[in-house]
2 protein chains.
Amino acid sequence: MKTKYKTIYDDTKTKILDGTYLPGNQLPDEIAVCEQYNCSRMTVKKAYDMLVQEGYIYRKQGLGSFVLAKSMDQGEVELQERELQGFTRTAKGHADTKLLHFRLIFAPKDIADHLGIRENDPLYDILRVRNIDGQPYVLEHTYMSPETIPGITEDILTHSVYTYIEEVLGKKIASAQKTTRAQVSNSQDQKELGLRPEEPVLEVEQIAYLDNGTPFEYSISRHRYDKFKLSVYSVRR
Amino acid sequence: MKTKYKTIYDDTKTKILDGTYLPGNQLPDEIAVCEQYNCSRMTVKKAYDMLVQEGYIYRKQGLGSFVLAKSMDQGEVELQERELQGFTRTAKGHADTKLLHFRLIFAPKDIADHLGIRENDPLYDILRVRNIDGQPYVLEHTYMSPETIPGITEDILTHSVYTYIEEVLGKKIASAQKTTRAQVSNSQDQKELGLRPEEPVLEVEQIAYLDNGTPFEYSISRHRYDKFKLSVYSVRR
DNA sequence: AAGTGGTCTAGACCACCAG
DNA sequence: TGGTGGTCTAGACCACTTC
């Protein structure tokens, strides 16, 4: 059974996206929505507040709730990642993966610290190139502990590790911390991503967590500079 | 008067940051906090949920609330920007600004669209270099409408525009949409930021909003690749 | 069974903004 | 003054986890 706040959230978001509510339009006030959905104000507030966090609407005490002018261009690049208090990845074409290596190594101290394991514990060391429509766009170096994520195979790595974790292992991926910077490309980047020496990469360092708080993945992704962008919406409070 | 949920949020966050609660520790359950602060469960939940969004804790139904192992390194670079559903900028040294130009122009169509004004309306066109401890780290190209933000002067631009907007104009900055990518540096970047031709920049495109939904600033910032990183924590839901 | 968080109610009072 | 959202209550019932 879907929750009431999720129903109101989904319905309202749909109406914003399909143009039923246009930028600048005032949304129905909380009381009106209460009556429509037969619920209490707190429930409406929760739904509307989620839309505020994601940049769809803004609200002002004494005035009302309004659709925000969404104005950043989308879609010049092949892969767009949007952090809207959730994970959304939009690839435009057909994706596939080339596995460069898949090894077991002794965990170095820094990575062991990130993953909450001991130095020299066994560690999966995975290097992959991701392609969209046959064109490489990111070189992904991934480390996972076999204790946390057992049973990784080449087949899983060329498809979706996340699907394996959630559907086969039955664990839930809950959150991720990412840090982004620009970097000069090295010879491996240039070879695998087809870059010229003066062309840079966008590096994303990530630690991903399960819903029990365990960090299960540490990764460094080096993206082609012209095929990836990261979007963030942040609300002050 | 500070709200109750903010008090609980601040107190708990402080205890996490100062080590009173260590990574992995269980936090007091909602009922216990209710009794301590003489409040209802909803109030505690609001405070704890904010800490979840910001990556300080995780919660699990049936189990409890726990401090998350925060594991991403901070502090190798001069400027760190962290989006924790709020704006946090951490500069390590003394900051100052060099104004390269400050003009009025006719708004080009694309920028006019971002700012919700008409093409050819007057527009401030501002180009600045920001230094920390005398070293340049970012070239900031900023556009604002004089209709929304009147009275900009050179003096304001070399100090804080945000302070001027909030304290002199009495308007509230509410949110911002940012998109980040890596770019090859151009000759202006190289000259102003002291980069060699093969060194890239991290470009951040931003639209910032007032609390009445008006977009008041469109900017493109080009950061030295080795002096800036952007961190994001995202929770799935 | 006991303990935890997740959702939800049906109100209350207050702060803010418009006319 | 009327309408809006912000905070808060004092419960309720349910879902999930561990024992």
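Residue numbers start from 1 in every chain, and the chains themselves are labelled A, B, ... in the order their sequence lines are given, proteins ahead of strands. Just so it is clear, the structure is predicted and the values come from calculations on it, not from any experiment.
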Without swapping roles, check the side chain of Asp113(A) against the backbone of Asp110(A) for a donor-acceptor pair under 3.5 Å.
-> no

For Met144(A), does its backbone N or O pair with a side-chain atom of Thr148(A) as donor and acceptor, under 3.5 Å?
->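 Checked: no pair found.
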
Earlier contact from the 5' end, DNA chain C, for Tyr37(A) and Arg41(A) = Tyr37(A)

Which residue lies more 5' along DNA chain C, comparing Lys172(B) with Thr3(A) via nearest heavy atoms | Thr3(A)

Count the heavy atoms of every other residue, nucleotide or ligand shown that sit under 6.0 Å from NZ of Lys2(A), and state whether that count exceeds 12.
->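 Check passes, neighbour count above 12.
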
Separation of [N] [atom2] from [X] [atom1] (nearest whole Å):
X: Lys46(B); N: dT7(C); atom1: NZ; atom2: P; value: 15 Å
X: Met42(A); N: dA10(D); atom1: CE; atom2: C1'; value: 12 Å
X: Asp211(B); N: dG6(D); atom1: CG; atom2: C1'; value: 14 Å
X: Phe66(A); N: dC17(C); atom1: CZ; atom2: C1'; value: 10 Å
X: Leu63(B); N: dT4(C); atom1: CG; atom2: C1'; value: 8 Å
X: Lys6(A); N: dG6(C); atom1: NZ; atom2: P; value: 17 Å
X: Gln61(A); N: dC13(C); atom1: CD; atom2: P; value: 17 Å
X: Tyr58(A); N: dG5(D); atom1: OH; atom2: C1'; value: 14 Å

Report which part of the nucleic acid [X] touches: base, sugar-phosphate, or nothing (heavy-atom distance under 4.0 Å, all strands).
X: Lys45(B); result: base
X: Asn38(A); result: sugar-phosphate
X: Tyr5(A); result: sugar-phosphate

Lys171(A) and Asp211(A) ion-paired at < 4.0 Å |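 Salt bridge: no.
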
Give a yes/no on whether any side-chain N or O of Ser65(A) is located under 4.0 angstrom from OP1 or OP2 of dT4(D).
->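 Answer no for this pair, as no side-chain N or O of Ser65(A) is under 4.0 Å from OP1 or OP2.
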
Has Lys4(A) got a side-chain N or O lying under 4.0 Å from the OP1 or OP2 atom of dT9(C)?
-> yes

Which listed nucleotide (dG5(C), dC8(D), dA15(C)) is nearest to the side chain of Ser40(B)?
->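 Selected nucleotide (nearest to the side chain): dC8(D).
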
What nucleotide, of dT7(C), dT9(C), dT4(C), holds the atom closest to the side chain of Thr43(A)?
->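 Within the option list, the nearest is dT9(C).
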
Distance flag, aromatic centroids of Tyr124(A) and Phe102(A), threshold under 6.0 Å = yes

